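Just so we're clear, the structure is a prediction, and the values are computed from it rather than from any experiment. Below, chains carry the letters A, B, ... as their sequence lines are ordered, and counting in each starts from 1. Excluded from the calculations below are hydrogen atoms, water molecules and symmetry mates; all remaining heavy atoms, backbone and side chain alike, are included.
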Amino acid sequence: QSVLTQPPSVSAAPGQKVTISCSGSSSNIGNNYVSWYQQLPGTAPKLLIYDNNNRPSGIPDRFSGSKSGTSATLGITGLQTGDEANYYCGTWGSSLSAGVFGGGTKLTVL
Amino acid sequence: EVQLVESGGGLVQPGGSLRLSCAASGFMFSSYSMNWVRQAPGKGLEWVSYISSSSSTIYYADSVKGRFTISRDNAKNSLYLQMNSLRDEDTAVYYCARDYYGSGSLAFDYWGQGTLVTVSS
């Protein structure tokens with residue numbers, strides 16, 4: 001069982017918006033920055049969001065991140081079939097000495 | 001072009017050892033902290049270990065502490081993971097991943113293709 005809690009799956013229609021939640025505690029999300037990854041089937045994860053709400057170069061602004069207290073949220077607008085993937089949140093744990101990931105959320109674009 | 005290429009995976013019996021390598025190219029390896037992340041078949045991501053650019057700071061997940069050792073050779077642009085006392089639950093694809101420079105989060109901007117470690121008798 002993962003330290004960070006994500007819904008196992010979410011779905012939405014093409015063109016719509018979806019949000020994925022990531023719930024933690026004061027020992028991880030509450031006191032550290034959050035990152036988000038996209039993992040397409042059979043490939044390595046790809047960094048989408050770092051430091052709660054920043055996008056690396058090349059990541060479209062359809063992807064956004066936010067954090068409030070001990071929870072974080074990934075938002076994806078203008079859904080495309082190519083967005084179907086597993087999404088993971090991550091952060092440093094207590095004392096910044098161990099990383100933790102959420103269990104992952106499978107996004108289905110209907 | 002940044003490239004990370006893992007090697008050294010394979011089939012090993014429980015209690016055995018394996019050494020993974022990650023060859024880095026296309027960037028100044030000695031300036032970046034590095035990590036190992038694993039993914040069991042059909043499961044989610046699990047952070048395994050971190051090493052700073054100069055090897056002065058090293059962290060491990062509790063699940064591997066005392067059994068795995070991370071190291072690097074900046075002269076050879078290489079990252080390593082020595083895995084001892086392997087268990088069935090260590091079976092996974094192991095990725096090396098580069099820290100996103102300047103980020104304060106668990107942010108890895110480049111990943112290798114992964115190498116599969118199977119622990120089974």
Side-chain angles (χ1 to χ4, degrees), chain A residues 1-9 20 22 24 28-29 31-59 65-67 72 74 85-106, chain B residues 1-6 9 22 24 27 32-52 56-66 68 70 89 92-116:
Chain A
Q1 192 159 352
S2 302
V3 173
L4 306 181
T5 301
Q6 298 181 233
S9 63
I20 298 173
C22 176
N28 43 64
I29 291 179
N31 284 286
N32 293 301
Y33 291 110
V34 177
S35 57
W36 288 91
Y37 296 87
Q38 175 193 65
Q39 187 176 32
L40 298 169
T43 68
K46 177 182 181 180
L47 180 64
L48 293 177
I49 299 289
Y50 69 96
D51 293 0
N52 300 336
N53 55 15
N54 293 287
R55 284 175 285 107
S57 64
I59 301 300
S66 64
K67 175 187 143 179
L74 173 70
N86 288 312
Y87 292 83
Y88 296 91
C89 59
T91 188
W92 287 103
S94 56
S95 305
L96 295 176
S97 60
V100 289
F101 286 104
T105 298
K106 181 177 176 54
Chain B
E1 179 193 6
V2 172
Q3 281 199 315
L4 297 171
V5 180
E6 300 96 337
C22 173
F27 67 102
Y32 286 82
S33 299
M34 299 293 295
N35 298 262
W36 288 98
V37 177
R38 68 184 181 183
Q39 187 168 33
K43 302 297 184 182
L45 302 175
E46 180 185 12
W47 173 84
V48 172
S49 185
Y50 161 95
I51 186 168
S52 62
S56 59
T57 302
I58 287 174
Y59 301 131
Y60 297 100
D62 287 344
S63 58
V64 307
K65 203 172 293 184
F68 289 11
I70 190 172
E89 55 264 35
V93 172
Y94 284 74
Y95 296 100
C96 67
R98 189 182 84 167
D99 251 26
Y100 189 54
Y101 194 85
S103 166
S105 48
L106 196 72
F108 310 142
D109 58 351
Y110 284 93
W111 297 62
Q113 84 288 352
T115 187
L116 176 62

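Of all the listed residues (A/Gly93, A/Gly104, A/Ala98), the one sharing the greatest number of non-hydrogen pairs under 4.5 Å with chain B is A/Ala98. Among B/Ala107, B/Gly112, B/Ser49, the residue with the largest count of heavy-atom pairs under 4.5 Å with chain A is B/Ala107.
Remark: A/Asn52 CG to B/Ser105 OG distance equals 7.0 Å, nearest 0.5 Å. Between atom CG of residue B/Asp109 and atom OG of residue A/Ser35 there is a gap of 11.5 Å, rounded to the nearest 0.5 Å.
Looking at A/Thr43, only its backbone comes within 4.5 Å of chain B, counting heavy atoms on both sides. Heavy atoms closer than 4.5 Å to chain B are found in both the backbone and the side chain of A/Asp51. Interface remark: B/Asn35 contributes side-chain atoms only to the contact with chain A (heavy atom separation under 4.5 Å). Only the backbone of B/Tyr60 comes within contact range of chain A, judged by heavy atoms closer than 4.5 Å. Heavy atoms closer than 4.5 Å to chain A are found nowhere in B/Val93, neither backbone nor side chain.
Residues forming a salt bridge (Lys or Arg N to Asp or Glu O under 4.0 Å) with B/Glu46 (at least two apart in sequence, or on another chain): B/Arg38. For A/Tyr33, there are no ring-ring contact (aromatic ring centres under 6.0 Å, His included) partners at least two apart in sequence or on another chain.
Here the side chain of B/Tyr50 pairs no donor or acceptor atom with the backbone of A/Ser97 at under 3.5 angstrom.
When all heavy atoms of B/Lys43 and A/Tyr88 are compared, the pair lying nearest together is O-OH, 3.8 Å. When all heavy atoms of A/Phe101 and B/Val37 are compared, the pair lying nearest together is CE1-CG1, 4.0 Å. The two residues B/Tyr100 and A/Pro56 come nearest to each other via the heavy atoms OH-CA, 4.0 Å. Shown here for A/Pro45 and B/Trp111, the closest heavy-atom pair between the two residues is O-CD1, 3.4 Å. When all heavy atoms of B/Leu106 and A/Val100 are compared, the pair lying nearest together is CD2-O, 3.6 Å.
Other residues, nucleotides and ligands place no more than 12 heavy atoms under 6.0 Å from the OH atom of B/Tyr110.
By the 30° and 60° cut-offs, the orientation of the rings of A/Trp92 relative to B/Trp47 is perpendicular.
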